[in-house]
2 protein chains.
Amino acid sequence: MKGYLWAPSAATQAKSEGASWESLAIDAVGNVIEFWGFKRNQGRVWALLYLRDAAMTAAELERELALSKGGVSMLIRDLERWGVVLRVRQPNDASWHYRAETDLMQMARRVIEEREFSFIARVRADLAEARRLAEADPATPKPKIDRIRKMEAVAEATEKALSVFLKTSRFDVGAMFDRFRS
Amino acid sequence: MKGYLWAPSAATQAKSEGASWESLAIDAVGNVIEFWGFKRNQGRVWALLYLRDAAMTAAELERELALSKGGVSMLIRDLERWGVVLRVRQPNDASWHYRAETDLMQMARRVIEEREFSFIARVRADLAEARRLAEADPATPKPKIDRIRKMEAVAEATEKALSVFLKTSRFDVGAMFDRFRS
DNA sequence: CATGCAGTTCAAAACGGCTTGAACTATATG
DNA sequence: CATATAGTTCAAGCCGTTTTGAACTGCATG
């Protein structure tokens with residue numbers, strides 16, 4: 001919804017060890033997740049951890065994804081808070097390692113559920129309130145009230161799309177995920 | 001998906017003639033439309049014209065919505081291009097007047113259809129390409145390929161939500177709109 | 001064809017979100 | 001306890017988007 005002229009970014013940067021298709025997949029995840037109002041880099045961090053299926057240190061994430069120290073720290077904090085990344089101690093290493101915990105989808109579902117639904121609920125409430133006020137005033141012409149009602153339909157369609165996303169992620173993906181669970 | 005701490009904005013500004021519930025409805029529309037990646041003020045301009053169901057001049061829009069002259073000009077240009085606002089000549093008035101033409105929904109549907117779908121198609125293609133590349137390399141462990149497959153599910157769910165939004169806007173709202181057509 | 005108003009354009013400013021990096025805190029180790 | 005390294009914080013900077021406003025264009029009118 002912003003610019004969408006992604007850097008062609010073939011072989012983005014020097015230091016990364018991963019296969020080139022890896023960064024393709026990682027960036028793709030970053031893009032969808034950004035679509036849903038999260039930060040692109042939250043998606044990228046999760047995607048790397050998930051794809052590697054290994055516990056990595058902040059320093060590694062920093063290097064592989066070309067992020068700053070502070071940035072990694074904050075991104076991880078968010079992902080941990082949402083429960084999609086777990087912090088673990090590795091046998092004989094002083095530093096923390098991070099692992100992808102659950103499917104990103106679950107997180108997106110939870111967050112969208114509270115954040116977006118309340119947003120759209122608020123919009124609907126405003127529209128309903130406007131209609132109530134309009135109806136209370138006897139001077140308001142009838143068609144005008146109908147027009148507000150029609151506006152509410154825009155909000156309703158938005159709500160429906162959101163709820164389908166949530167349902168889809170619960171069933172389709174949930175099932176898929178379980179089936180493939182490693 | 002940005003800030004969502006809308007200005008409380010009771011009785012926003014001095015000049016507006018409209019009932020206070022009017023601006024409530026107008027801002028609500030601005031909010032949903034912004035959610036779908038349009039400009040908040042595009043939604044507000046359309047909403048005012050639609051609600052008033054009257055042809056208004058740029059100067060009126062400027063005053064009622066507290067926008068700048070240049071801003072109104074550009075907003076209207078967009079809305080005209082999308083076919084949701086029509087420019088008409090009023091009997092004996094030198095200046096143009098603008099009317100809300102179709103339902104905003106139709107416009108959103110069209111634009112989302114081309115803009116968002118191609119966006120998500122691109123994400124899916126990237127993921128598919130990554131998987132193809134991964135599969136081509138015999139060294140890639142099987143579970144890693146499965147993980148890419150699971151990532152594709154995120155994109156699929158997004159696509160499904162989008163398509164439901166489009167369908168909903170076509171049927172539910174379309175029907176509703178016709179029924180109420182003034 | 002001069003005047004004035006409607007409408008357009010676009011560079012600059014404002015704005016908002018994201019990232020950076022330096023200072024700081026916490027923790028492990030000798 | 002001193003030191004080193006990992007991790008956190010947050011003000012400042014960066015960057016993309018939106019809005020502004022002044023200059024400009026076009027058009028109608030006397």
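All chains are named by letter (A, B, ...) in the order of the sequence lines, taking the proteins before the strands, and each is independently numbered beginning at 1.
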Visitor: Taking it one step at a time, do B:E22 and B:R52 satisfy side-chain contact (heavy atoms from CB on, under 4.5 Å)?
Guide: CA-CA 9 Å; B:E22 201 178 42; B:R52 292 272 176 98; 2.8 Å; yes

Visitor: Would you mind reading off the distance between B:D78 atom CG and D:dT17 atom P, rounded to a whole angstrom?
Guide: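 For the pair B:D78 CG and D:dT17 P, the rounded distance is 14 Å.
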
Visitor: Run the salt-bridge test on A:R131 and A:E135 with the 4.0 Å N-O cut-off and return the result as yes or no.
Guide: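 Yes, charged N to carboxylate O under 4.0 Å.
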
Visitor: Give the rounded distance in Å between these two atoms: CD of B:E62 and C1' of C:dC5.
Guide: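 The distance from CD of B:E62 to C1' of C:dC5 comes to 13 Å, rounded to the nearest Å.
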
Visitor: Quick one, A:I26 with A:L65, criterion side-chain contact (heavy atoms from CB on, under 4.5 Å). Give me CA distance, side-chain angles, the key distance, then yes/no.
Guide: CA-CA 9 Å; A:I26 288 170; A:L65 301 173; 4.1 Å; yes

Visitor: Is the Lys NZ or Arg CZ of A:R89 less than 6.0 Å from the centre of A:W96's six-membered ring, within 45° of the axis?
Guide: yes

Visitor: Do the side-chain N or O atoms of A:R77 get closer than 4.0 angstrom to the phosphate oxygens (OP1, OP2) of D:dG7?
Guide: no

Visitor: Indicate whether OP1 or OP2 belonging to C:dT8 is found under 4.0 Å from a side-chain N or O atom of B:R87.
Guide: yes

Visitor: Rounded to the nearest angstrom, tell me the gap between atom CD in A:E60 and atom C1' in D:dA6.
Guide: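 Rounded to the whole Å, the gap is 13 Å.
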
Visitor: Would you confirm whether the ring centroid of B:Y98 sits within less than 6.0 angstrom of the ring centroid of B:W46?
Guide: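 Ring-ring flag for B:W46/B:Y98: false, centres at least 6.0 Å apart.
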
Visitor: Send over the distance from B:L61 CG to C:dA6 P, rounded to a whole Å.
Guide: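 Value for this atom pair: 14 Å.
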
Visitor: Tell me, please, which residues at least two apart from A:E159 pass salt bridge (Lys or Arg N to Asp or Glu O under 4.0 Å).
Guide: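 A:E159 satisfies salt bridge (Lys or Arg N to Asp or Glu O under 4.0 Å) with A:R124 once adjacent residues are dropped.
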
Visitor: With sugar-phosphate meaning primed atoms plus P, OP1 and OP2, does A:Y98 contact a base, only sugar-phosphate, or nothing at under 4.0 Å between heavy atoms?
Guide: sugar-phosphate

Visitor: Run A:E64 and A:L48 through side-chain contact (heavy atoms from CB on, under 4.5 Å) and show every step you take.
Guide: CA-CA 9 Å; A:E64 300 270 343; A:L48 177 59; 3.8 Å; yes

Visitor: Closer than 4.0 angstrom, basic N to acidic O: yes or no for A:E80 and A:R87?
Guide: yes

Visitor: Rounded off to whole Å, could you give me the NZ-to-P distance for the B:K39 and C:dG16 pair?
Guide: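 Distance, rounded to whole Å: 16 Å.
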
Visitor: Enumerate the protein-to-nucleotides 28-30 of chain C contacts in which both atoms are nitrogen or oxygen and the separation is below 3.5 Å.
Guide:
none

Visitor: What is the separation between atom NE2 on B:H97 and atom C1' on C:dC5, rounded to the nearest whole Å?
Guide: 13 Å

Visitor: Check the distance between D:dT17's P and A:E34's CD and give it to me in whole angstrom.
Guide: 10 Å

Visitor: Just the atom pairs and distances: protein N or O near nucleotides 20-24 of chain D's N or O, under 3.5 Å.
Guide:
residue : atom : partner : partner atom : Å
D:dT20  : OP2  : B:S68   : N            : 3.2
D:dT20  : OP2  : B:S68   : OG           : 3.1

Visitor: Looking at every strand, decide which applies to A:S73 at a 4.0 Å heavy-atom threshold: base, sugar-phosphate, or nothing.
Guide: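 Base contact - A:S73 has a heavy atom under 4.0 Å of at least one base atom.
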
Visitor: Can you tell me how the ring of A:F119 sits relative to the ring of B:F35, calling it parallel under 30°, perpendicular over 60° and tilted otherwise?
Guide: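 Parallel: the ring planes of A:F119 and B:F35 meet at under 30°.
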
Visitor: Roughly, in whole Å, what's the span from CG in A:L75 to P in D:dT9?
Guide: 13 Å

